[in-house]
Amino acid sequence: MSDSLIILEKLVLLFCFIFVGFFCFRKGWLTKQGTSEISNLIVNVFNPLLMISTALSGSGSIPKNLMAQNLILMALFYGLMILLGPVVAKLLRVQGNDRKLVTIMLVFANTAFMGIPLVESLYGSEETFYITFYALGFNLLFYTYAIQVFKRMSGDTSPFRFKDLINPGIICVLLAMILVLFPIHLPGITVKCITYVSDTCIPLSMIITGCALAQINLKRVFTDVRLYVFSLFQLLLIPAAAALILHRSGGMGFDSTLVGIFILLYGMPNGSMPVIACESYDVDADLCSRGYALTTLLSLFTIPLVTMFVK
């Protein structure tokens with residue numbers, strides 16, 4: 001079976017969970033309060049443990065030079081997205097806070113919840129631990145750069161506080177990095193407990209994605225031409241450009257698997273964290289919500305195409 005078909009099969013499975021969430025919310029079986037409580041569990045329990053579980057899958061078996069290469073690629077991934085954000089915003093001719101939100105939407109894509117199962121499908125479970133590097137970058141940037149952007153948009157001019165970094169996500173990602181760099185053999189029952197609990201993270205996050213889609217006016221999502229242009233840049237043009245540059249240059253000396261993961265993650269749709277942050281800081285979440293909905297739906301068709309750029 002080709003890589004694109006393997007990815008398409010995995011995407012269909014993920015979208016089944018999205019449909020379950022959409023259906024349950026529309027039927028009233030899940031409410032806003034319920035989805036908010038589940039979201040808190042995902043952010044504070046299941047996602048942090050998923051990072052630990054992912055690190056354990058490759059702990060002690062990954063050469064240090066590959067870790068260094070992956071760290072460089074992770075820095076390039078987020079650095080380039082931050083630089084491309086204002087360019088894409090200018091091309092879309094958005095104004096005011098929406099210019100900043102376009103960058104936020106590009107940078108904070110769904111690299112973990114969708115990236116982990118897709119990387120596992122292409123490369124195997126052991127390679128999924130490389131996502132922990134991107135998760136660390138995501139969390140560090142979100143709780144520093146992104147939160148400051150949201151504060152400024154809400155009129156809050158208070159300075160950055162280091163205590164904002166003290167949260168379960170950051171702590172568990174740092175623990176995951178320690179497990180990768182300094183392999184520690186945990187008791188089997190401990191590993192099983194972490195694995196069983198963390199296995200609920202991706203299905204639940206997809207269900208919550210479906211609940212979020214059920215609350216959005218889909219007509220406005222599908223009639224905004226600028227969102228289609230944004231989706232074209234995020235889901236196809238950027239990963240295609242990254243693939244072209246890396247393949248033409250022989251991968252710039254990076255391991256081929258790491259290059260493949262790098263390109264694949266560039267094709268991920270918007271993440272939910274910017275939408276949640278908009279609501280938390282009383283910033284208009286309309287653009288983020290609609291971008292989240294459209295890129296998630298279109299990714300069913302675009303991610304199989306992106307896999308053609310990977311190898």
Side-chain angles (χ1 to χ4, degrees), residues 73-111 114-115 134 137-138 141-142 144-154 212-213 216-249 259 262-278 281 283-310:
L73 286 171
M74 180 272 289
L76 283 173
F77 179 90
Y78 288 111
L80 290 173
M81 284 303 224
I82 290 173
L83 292 175
L84 284 171
V87 176
V88 175
K90 186 174 182 179
L91 290 172
L92 295 178
R93 298 180 179 179
V94 293
Q95 303 297 325
N97 285 342
D98 284 351
R99 295 180 66 87
K100 298 175 183 178
L101 288 177
V102 165
T103 300
I104 294 293
M105 291 159 65
L106 278 175
V107 174
F108 299 102
N110 200 345
T111 53
M114 292 190 75
Y134 291 87
F138 183 106
L141 281 172
F142 192 84
T144 53
Y145 163 71
I147 292 302
Q148 287 304 303
V149 170
F150 285 118
K151 281 184 176 181
R152 295 295 181 268
M153 285 192 289
S154 67
L213 293 180
I216 296 172
N217 184 338
L218 294 180
K219 182 179 179 180
R220 292 194 63 224
V221 172
F222 292 118
T223 55
D224 190 335
V225 176
R226 290 184 303 177
L227 277 182
Y228 283 100
V229 176
F230 172 83
S231 300
L232 178 65
F233 271 98
Q234 180 171 23
L235 300 177
L236 283 178
L237 294 184
I238 293 176
L244 180 64
I245 293 170
L246 286 167
H247 291 326
R248 285 288 181 88
S249 62
V259 169
F262 177 82
I263 295 169
L264 182 65
L265 293 183
Y266 261 135
M268 294 298 104
N270 291 171
S272 59
M273 288 299 287
V275 180
I276 296 170
C278 280
Y281 287 90
V283 173
D284 186 1
D286 182 63
L287 179 63
C288 280
S289 297
R290 289 186 290 117
Y292 174 58
L294 186 62
T295 56
T296 298
L297 293 172
L298 291 179
S299 67
L300 179 62
F301 308 99
T302 60
I303 291 177
L305 295 176
V306 171
T307 60
M308 298 179 183
F309 311 147
V310 169

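Since the structure is predicted, the reported quantities are computational estimates derived from the model, not experimental observations.
Between Phe230 and Val88, the closest heavy-atom pair is CD1-CG1, 4.1 Å.
Contact annotation: the side chain of Tyr145 approaches that of Ile104 to within less than 4.5 Å [non-hydrogen atoms, C-beta and beyond]. By the 4.5 Å heavy-atom criterion applied to side chains, Met114 and Pro269 are counted as neighbours.
Using a 4.0 Å cut-off between charged nitrogen and carboxylate oxygen, Arg220 and Asp224 do not count as a salt-bridge pair.
Put simply, the residue from Ile216, Leu218, Val221 that forms a side chain to side chain contact (heavy atoms under 4.5 Å, CB included) with Leu294 is Val221.
Expressed to the nearest 0.5 Å, how far CE of Met105 lies from OG1 of Thr295 amounts to 7.0 Å.
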Practice item. Kindly indicate, with the supporting measurements, whether the criterion side-chain contact (heavy atoms from CB on, under 4.5 Å) is fulfilled by Leu73 and Tyr134. Key: CA-CA 9 Å; Leu73 286 171; Tyr134 291 87; 3.9 Å; yes

Practice item. Decide side-chain contact (heavy atoms from CB on, under 4.5 Å) for Leu235 and Val306; before the verdict, give the C-alpha distance in whole Å, the side-chain angles of both, and the deciding distance to 0.1 Å. Key: CA-CA 8 Å; Leu235 300 177; Val306 171; over 6 Å; no

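Judged purely by atom type and a 3.5 angstrom limit, His247 has no side-chain atom pairing as donor or acceptor with the backbone of Ala242. A distance-only check finds no donor-acceptor pair linking the side chain of Asn270 to the backbone of Ala109 [under 3.5 Å].
Heavy atoms of other residues, nucleotides or ligands lying less than 6.0 angstrom from OH of Tyr228 number more than 12.
Taking the six-membered ring where the residue is Trp, the centroids of Tyr266 and Phe262 are separated by under 6.0 Å.
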